[in-house]
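Read the structure below first, then the notes.
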Amino acid sequence: MKKSILSGLICTLLSNYAVADDIEKIVVIAPMQTPLNIKTDPKLPRQPLPAQDASDLLSSISGFSLIKKGAASSDPVFRGQAGSRLNILTDGNLTLGGCGNRMDPPTAYITPQTYNTLTVIKGPQTVLYGPGNSAATVLFERDSYRMDKAGIEGFSNLVLANAGRRGINSQLKFGDQDYYANISASFNKADNYKAGNGTHVHSAYEKWNTDLELAYTPSDDKIISLSLGRSDGKVAYADRAMDGSLFDRTHSAIKFDWLLEGTIIRRIEGQVFYNYVDHIMDNFSLRDFVATPMNKTPRAMNPDRTTYGGKLLAHGEYNKTSKFSIGVDHQSNEHTNRMSMNINMMPIDNQTRTTDGHFEQFGVFAEYEFSPEENKQWVSGLRIDRWQATDERKMVGTMMMMMSPNPTAFQTRKSSLYSGFTRFQAQTENTSYFAGFGYVERFPDYWELLGAGRSSEKTTSAFNTKHETTSQFDLGLVHQIDNWQSSASVFYNQTDDFILIDNTFEKMGKPAKVTRNVDSESFGFELDSKYSLTKSLSTGAGISWVRATNLTDHRPLAQQPALQARFTLDYALKDWHLGMLWRVVQKQHRVAIGQGNIAGQDVSESTGYGVLSVNANYSQSQNIDWSFGIDNLLDKAYSEHLSRAGAAVNGYEQTSRVNEAGLTAWLNLNWRF
């Protein structure tokens, strides 16, 4: 009965949408600008209030879910796909974390409010931004434009909330028409939060970052820039026996974008970048250490990763109907580790680093756009990537299991992989739509081959796991008429040799983490709509759903989000916007307990829930906006389906899943100058 009532409500709302002309002040559902892309401003206030990193920001986009560990460092999932199936870049640079158990995913190093634009390209529908984007491409970018005149401009954001949450994010740009400097900085901190049932969740964090860009801009369409950055932090986790006490990142890049006077090649752009991540996890600095049979001494692990890369891209056109982009890219990364099983007797800084893996990729790619008519285009792309990986581990195993000789020690594997797509897209007065097919061959990543002591079904090493082959059909539509705007995305995906992390095996009488290949299929949709009931009152909704099957094992594919819907109501006055968000999530019974991906495995079936939140925005002036809100207004106790299992942390109640925060009141100030 409840299911039929909910279905009727969804159908009623989806058939009565529209959108107001003004942009909503507080983002609760990030809208699609085209049938393929979602573009949004990360600086805008959002509900629920995002944490300081990028994963919670992505959760405001239909189709995204999170594998939660607490308040920070969640792993994003799009259409049920996680890890390196999501290609996440910051200003074109690649960041790879160090932890073999994904304590520090790439999004953990991204402070979204210090960027100007977030773009999501759904599905394998581009080849310009690197290999392996079988789920989506996610781009965080800062504006690089010539200043109109000498002066200073900037942005500052202040956040205050429950659980001691406080944060400041600032950006300052100064210079003239020929040169500018852009400085971004942030500091964010929070204490442990309280769940809706009153229990405290081990989830405190503290992070900071600074970034500097120096640019030469001789004209509006020419720029050369140098960027440098540092960041660090610490995060407590409710899902594991260790916390992250160091998130030290150093990065630099040189970029250029130059307009040419050629008749065919019209513009070239390129960059080189360096990224170093130094990460420490331990069981004593952010929690009270208590010796147990499984946790006898204070210990620490200190992985790091060094990544180099570069890209050169040329854009041109043969005539008014034919445009193209062609380029090459390269990236190389090395992962090392060191550990101490007793920090008092063997300080971690005194231990010797050992390299466990090295990965290298070189790619050639091209995209071509043909416009037979003014509002119709055929877009196609192809890329070829040469991969090489070396297993440099002498021994394999984990701290909890006895180490043994590595059967693939110092082996090198090489692969030439292909990706491509083609789509037709068109625009009419009120509608834009596309239909496309994409194909991706994805090389296994560090976490699948080497991380966390994973093995294969037959040996103690997973290094020879096959690469994935994904074929996907995508359809998309955006329609706007009068006060009604709606968008829809539909996909169907088949993956041969899908890389599954399976923890249901036993080896030598102990649980084993196994990487194995299976065949899978998935399909689903995202629907977003908005309708203006009056000039002041508007309503909206967004719904996303995915269903995935492990065809080899004849069971559901693990780590799939439940159907979820967001319903909004907004009322606008002259300087005020009042809003309400009701998020409804269905129960998830399609599970494969113990199986999943590099970020998490299914724990159990989950129950559905609904969470009500309210917000308000006051525009003090053209440059100053105050936002207020209460998330989880009814103080509901709940957990996300993809949340990881709770761990035994001294002084905290252990739960089957990590519970979300209860009632959370927050204040957000945005000042643009």
Side-chain angles (χ1 to χ4, degrees), residues 23-66 72-79 81-82 84-95 105-123 125-126 128-130 133 135-145 155-157 159 167 169-171 173 182 184-186 188 207 209 211 213 227 229 231 251 253 255 476 478 487 489 526 528 542 544 566 625 627 668 670 672:
I23 300 174
E24 62 181 340
K25 295 293 184 179
I26 298 179
V27 178
V28 291
I29 303 173
M32 291 184 67
Q33 277 67 41
T34 75
L36 181 65
N37 298 348
I38 294 174
K39 185 172 288 189
T40 186
D41 183 353
K43 299 183 187 303
L44 293 175
R46 293 169 186 265
Q47 190 171 49
L49 180 66
Q52 53 76 41
D53 60 25
S55 57
D56 277 6
L57 179 73
L58 290 172
S59 68
S60 67
I61 297 174
S62 291
F64 275 95
S65 306
L66 300 179
S73 299
S74 303
D75 238 294
V77 179
F78 184 65
R79 292 175 169 175
Q81 299 190 62
S84 60
R85 301 177 183 100
L86 273 170
N87 192 13
I88 301 175
L89 302 176
T90 54
D91 284 329
N93 302 332
L94 179 67
T95 299
T107 47
Y109 295 96
I110 301 173
T111 304
Q113 291 88 350
T114 63
Y115 291 86
N116 299 99
T117 307
L118 164 63
T119 303
V120 177
I121 305 172
K122 296 185 176 184
Q125 285 294 313
T126 181
L128 300 182
Y129 301 101
N133 57 327
T137 299
V138 179
L139 308 174
F140 287 88
E141 296 173 302
R142 295 188 176 99
D143 290 341
S144 296
Y145 58 88
F155 167 86
S156 190
N157 162 255
V159 176
N169 307 279
S170 297
Q171 194 171 28
K173 183 175 181 178
N182 194 349
S184 301
S186 71
N188 287 274
K207 289 191 176 183
N209 85 282
D211 292 280
E213 179 192 16
S227 58
S231 62
H251 63 96
K255 300 175 62 177
V478 172
S487 65
S489 297
E526 301 92 42
D528 296 312
S544 60
R566 294 181 178 94
D625 285 303
S627 301
N668 184 95
N670 277 2
R672 300 177 186 269

Item to complete: I would like to know whether His251 and Thr95 meet side-chain contact (heavy atoms from CB on, under 4.5 Å); could you show each step before the answer?
Response: CA-CA 9 Å; His251 63 96; Thr95 299; over 6 Å; no

Practice prompt. Answer whether the closest heavy-atom distance between the side chains of Ile61 and Leu118 falls below 4.5 Å.
Written response: yes

Worksheet item: Between Asp41 and Lys43, is there a donor-acceptor pair closer than 3.5 Å when you use the side chain of the first and the backbone of the second?
Response: yes

Fill in: Distance (rounded to the nearest 0.5 Å) between Ser170 OG and Asn157 CG
8.0 Å

Worksheet item: Going from CG on Asn182 to CG on Asp211, what distance comes out if it is rounded to the nearest 0.5 angstrom?
Response: 9.0 Å

Discussion item. Run the side-chain contact (heavy atoms from CB on, under 4.5 Å) test on Thr90 and Tyr109 for me, step by step, so that the C-alpha distance in whole Å, both residues' side-chain angles and the decisive distance to 0.1 Å come before the verdict.
Written reply: CA-CA 10 Å; Thr90 54; Tyr109 295 96; over 6 Å; no

Discussion item. Would you say that Val138 contacts Thr107 through its side chain, given a criterion of any heavy-atom pair below 4.5 Å between the two side chains?
Written reply: no

Discussion item. Applying side-chain contact (heavy atoms from CB on, under 4.5 Å) to Lys39 and Thr34, what does each step give before you reach the verdict?
Written reply: CA-CA 9 Å; Lys39 185 172 288 189; Thr34 75; over 6 Å; no

Worksheet, complete the sentence: Tightest non-hydrogen contact, residues Pro42 and Gln113, listed as O-CG, 3.9 Å

Response to the item:
When every non-hydrogen atom of Ser73 is compared with those of Ala108, the smallest separation belongs to OG-CB, 3.7 Å

Discussion item. Taking the basic N atoms (NZ, or NE/NH1/NH2) and the acidic carboxylate oxygens, is any pair closer than 4.0 Å for Asp143 and Lys173?
Written reply: no

Practice prompt. Indicate whether any N or O donor in one side chain lies under 3.5 Å from an N or O acceptor in the other, for Thr114 and Arg142.
Written response: yes

Worksheet item: For the atom pair OG (Ser62) and CD1 (Ile38), what is the distance rounded to the nearest 0.5 Å?
Response: 6.5 Å

Practice prompt. Compare every heavy atom of Ala253 with every heavy atom of Asn93, then report the nearest pair and how far apart it is.
Written response: ND2-CB, 3.7 Å

Fill in: Worked verdict on Phe140 versus Leu57 for side-chain contact (heavy atoms from CB on, under 4.5 Å)
CA-CA 11 Å; Phe140 287 88; Leu57 179 73; 3.8 Å; yes

Practice prompt. Pick out which of Asn209, Thr111, Asn169 makes a side-chain hydrogen bond (donor to acceptor under 3.5 Å, both in side chains) with Asn188.
Written response: Asn169

Practice prompt. Examine distances only and state if a side-chain atom of Asn87 and a backbone atom of Tyr129 form a donor-acceptor pair shorter than 3.5 Å.
Written response: yes

Fill in: Distance in Å, Thr126 OG1 paired with Ile121 CD1, rounded so as to fall on 0.5 Å steps
5.0 Å

Worksheet item: Measuring from Leu49:CG to Asp56:CG, what's the distance to the nearest 0.5 Å?
Response: 9.0 Å

Worksheet item: Where do Arg566 and Ser60 come nearest, in terms of heavy atoms and distance?
Response: NH2-CA, 4.2 Å

Worksheet item: Do you see a donor-acceptor pair shorter than 3.5 Å between the side chains of Ser144 and Glu213?
Response: yes

Worksheet item: What is the minimum heavy-atom distance between Phe78 and Ala136, and which atoms define it?
Response: CD2-CB, 3.7 Å

Worksheet entry | Exercise: identify the closest heavy-atom pair between Gln52 and Ala72 | NE2-CB, 4.1 Å

Fill in: Close side-chain approach of Arg79 to Ser489, heavy-atom, < 4.5 Å
yes

Discussion item. Is any side-chain heavy atom of Pro45 closer than 4.5 Å to one of Asp625?
Written reply: no

Worksheet item: Any side-chain heavy atom of Leu86 sitting closer than 4.5 Å to one from Phe64?
Response: yes

Worksheet item: Hey, what do you get for NZ (Lys207) to CG (Asp53), rounding to the nearest 0.5 Å?
Response: 5.0 Å

Worksheet item: Side chains of Ile110 and Tyr115: closer than 4.5 Å at any heavy-atom pair?
Response: yes

